[in-house]
Amino acid sequence: MELMLWEDKLCAMVPFVMMFIMEGCTIALTITAKSAMNAGMNQFVFVAYSNALSSLLLLSYSLMFHRDSLKKIFNLKLLSRFFLLGLTGITIAQNLAFTGLSDSSPIVVCAMGLLLPSFQFFLSPILRKTRLNISSRSTRMKVIGVVISLLGAVMVATYLGPSILHGPLFRPQILRGPRSFLVFISATNEWMIGTSMLAAATFSVAVWSIIQVSTFSKFPDMMVIVTCYTIFGTLQTVFVDRIANGDLTSWKLKLDLELLIIVLTALFGTLIRSRVQAWCMSLNGPMYVAMFKPLGLFWACLIGLSFFGSGLHYGSVIGTCIVAIGYLTVLRGVQEEAQKIQQHSIQTQPSHDLKAPLLPQQADEQV
């Protein structure tokens with residue numbers, strides 16, 4: 001009996017450890033990408049090449065295991081949806097995100113990413129996806145979470161604050177000079193523009209998630225959907241770079257950090273992270289993966305303090321903590337609403353159907 005209990009605890013810990021590692025790898029790749037951009041890497045080239053490699057991997061997989069579904073994509077309405085998914089999820093979102101990253105820091109990426117459920121909550125009533133019932137406790141909780149998140153985001157954008165360290169932990173500079181705390185140091189124009197771009201990228205992802213849910217209801221093969229919009233996003237990014245930049249020399253790759261980060265990003269995002277997240281959601285539900293997003297703050301602080309101490313500021317850390325509180329509050333409201341809907345469906349279910357287990361709802365990111 002005790003052995004079985006230990007096995008159950010071990011099995012429960014595996015998804016937690018895997019998601020913890022996934023968030024750390026995501027932040028590590030983000031910091032590496034920022035380092036490469038500081039060294040001269042073009043963000044459009046990075047997005048185009050990484051998604052091109054992802055497209056090749058996804059298309060190969062789809063041709064082997066989803067060939068029948070691929071034959072059904074040649075429909076003007078369906079192709080227009082793939083075009084919009086590529087536009088909002090890759091061309092706008094990723095290019096804005098990496099442009100904003102070059103003028104801010106990875107911890108700001110974490111903060112703005114945590115605004116996703118707030119933006120979804122804002123868009124759902126406008127697009128008539130949900131009804132806003134302010135008398136409901138779950139709705140009030142989501143409204144409070146949105147307000148807290150927005151206040152934290154404003155703080156991240158406007159209050160930079162002094163550096164937490166004058167140098168990384170692994171250098172003796174940590175012992176040099178006094179450190180101030182609640183001294184108001186306003187953010188630079190570049191920092192505010194970068195933060196605004198990251199917020200706009202998250203808003204684009206919120207639009208993308210709503211289009212994706214609607215597309216999946218009409219074409220229930222997620223692998224083919226991802227393959228098609230990744231191809232569209234790659235082509236759109238190449239087109240945008242040709243108009244905005246036009247410098248063909250930036251497209252020449254060498255055996256350096258730029259090529260390494262492109263390959264790692266494509267492999268990690270396509271083969272590893274998506275599979276691990278899908279596996280964890282199959283075990284513990286869709287909310288399980290979302291609950292780990294605030295851990296990006298821990299990894300950003302850990303890596304930032306260890307290797308980039310001068311790039312970590314009190315204002316961005318405090319602001320991101322506030323955004324994380326709002327994020328978790330919104331998720332709590334979503335969870336309560338889902339439980340209420342499930343209880344209502346059980347109560348209204350005919351008695352002869354009560355023996356059949358309820359299937360979990362597969363709505364993606366509804367807030």
Side-chain angles (χ1 to χ4, degrees), residues 43-99 113 116-117 119-120 123-124 126-130 197 200-244 251 262 265-275 277-278 281 286 289 361-367:
Q43 67 269 20
F44 293 105
V45 174
F46 169 72
V47 172
Y49 273 128
S50 60
N51 281 285
L53 181 55
S54 296
S55 298
L56 290 175
L57 296 171
L58 290 167
L59 183 60
S60 301
Y61 185 86
S62 297
L63 286 172
M64 287 188 291
F65 301 104
H66 299 264
R67 186 172 297 179
D68 292 338
S69 295
L70 282 174
K71 297 177 182 178
K72 302 175 183 178
I73 66 172
F74 298 101
N75 177 291
L76 184 58
K77 291 184 178 180
L78 201 55
L79 290 174
S80 64
R81 285 180 172 272
F82 295 152
F83 180 88
L84 289 175
L85 285 170
L87 182 66
T88 54
I90 295 177
T91 308
I92 296 177
Q94 292 189 16
N95 286 297
L96 279 178
F98 284 104
T99 303
L116 179 59
F119 286 143
Q120 289 173 327
L123 286 171
S124 293
I126 295 177
L127 299 177
R128 297 181 179 179
K129 298 295 181 181
T130 58
M197 286 185 173
T202 304
F203 185 83
S204 182
V205 173
V207 176
W208 164 85
S209 66
I210 293 175
I211 300 174
Q212 187 185 46
V213 171
S214 176
T215 303
F216 184 74
S217 65
K218 294 176 172 57
F219 186 79
D221 192 326
M222 186 56 69
M223 179 58 65
V224 174
I225 292 174
V226 174
T227 301
C228 292
Y229 80 69
T230 303
I231 294 173
F232 272 109
T234 302
L235 297 175
Q236 291 166 3
T237 300
V238 173
F239 179 75
V240 169
D241 180 75
R242 294 293 295 122
I243 294 177
W251 290 84
I262 287 172
T265 300
L267 294 177
F268 177 74
T270 305
L271 299 179
I272 302 175
R273 183 175 59 187
S274 59
R275 294 296 179 183
Q277 289 179 343
M281 284 190 291
V289 172
Q361 294 184 353
Q362 297 297 323
D364 183 21
E365 297 281 348
Q366 287 190 356
V367 180

task: With sequence neighbours left out, write down each residue that passes side-chain hydrogen bond (donor to acceptor under 3.5 Å, both in side chains) with T230, or none if nothing qualifies.
output: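 Counting only residues at least two positions away or on another chain, T230 forms no side-chain hydrogen bond (donor to acceptor under 3.5 Å, both in side chains).
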Does the side chain of [X] reach to within under 4.5 Å of the side chain of [Y], using non-hydrogen atoms?
X	Y	answer
F82	L78	yes
W208	V205	yes
D221	L70	no
K218	K77	no
V240	N95	no
W251	V238	yes
Q94	Q43	no
I73	C228	yes

State the [atom1]-[atom2] distance between [X] and [Y], to the nearest 0.5 angstrom.
X	Y	atom1	atom2	value
I231	I90	CD1	CD1	10.0 Å
L59	M223	CG	CE	11.5 Å
I243	F44	CD1	CZ	10.5 Å
L271	L57	CG	CG	5.5 Å
S124	F119	OG	CZ	13.0 Å
T237	N51	OG1	CG	6.5 Å

Any donor and acceptor pair, going by atom type alone, linking the side chain of [X] with main-chain N or O of [Y] inside 3.5 Å?
X	Y	value
Q236	L87	yes
T265	I262	no
S214	I211	no

Can you give me the closest heavy-atom contact between [X] and [Y], atom names plus distance?
X	Y	answer
S50	A266	O-CB, 3.4 Å
S69	V224	CB-CG2, 3.7 Å
A201	L96	CB-CB, 3.9 Å
T88	A93	O-CB, 3.1 Å

Test side-chain contact (heavy atoms from CB on, under 4.5 Å) applied to K72 - qualifying residues, sequence neighbours left out: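 Residues passing side-chain contact (heavy atoms from CB on, under 4.5 Å) with K72: F219.
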Verdict with supporting geometry, Y229 and T215, side chain to side chain contact (heavy atoms under 4.5 Å, CB included): CA-CA 11 Å; Y229 80 69; T215 303; over 6 Å; no
- prompt: Among S62, S54, S60, whose side chain to side chain donor-acceptor pair (under 3.5 Å) with T227 holds?
  reply: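 It is S62; the other options fail the test.
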message: More than 12 heavy atoms of other residues, nucleotides or ligands under 6.0 Å from CZ of F203: yes or no?
response: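 No.
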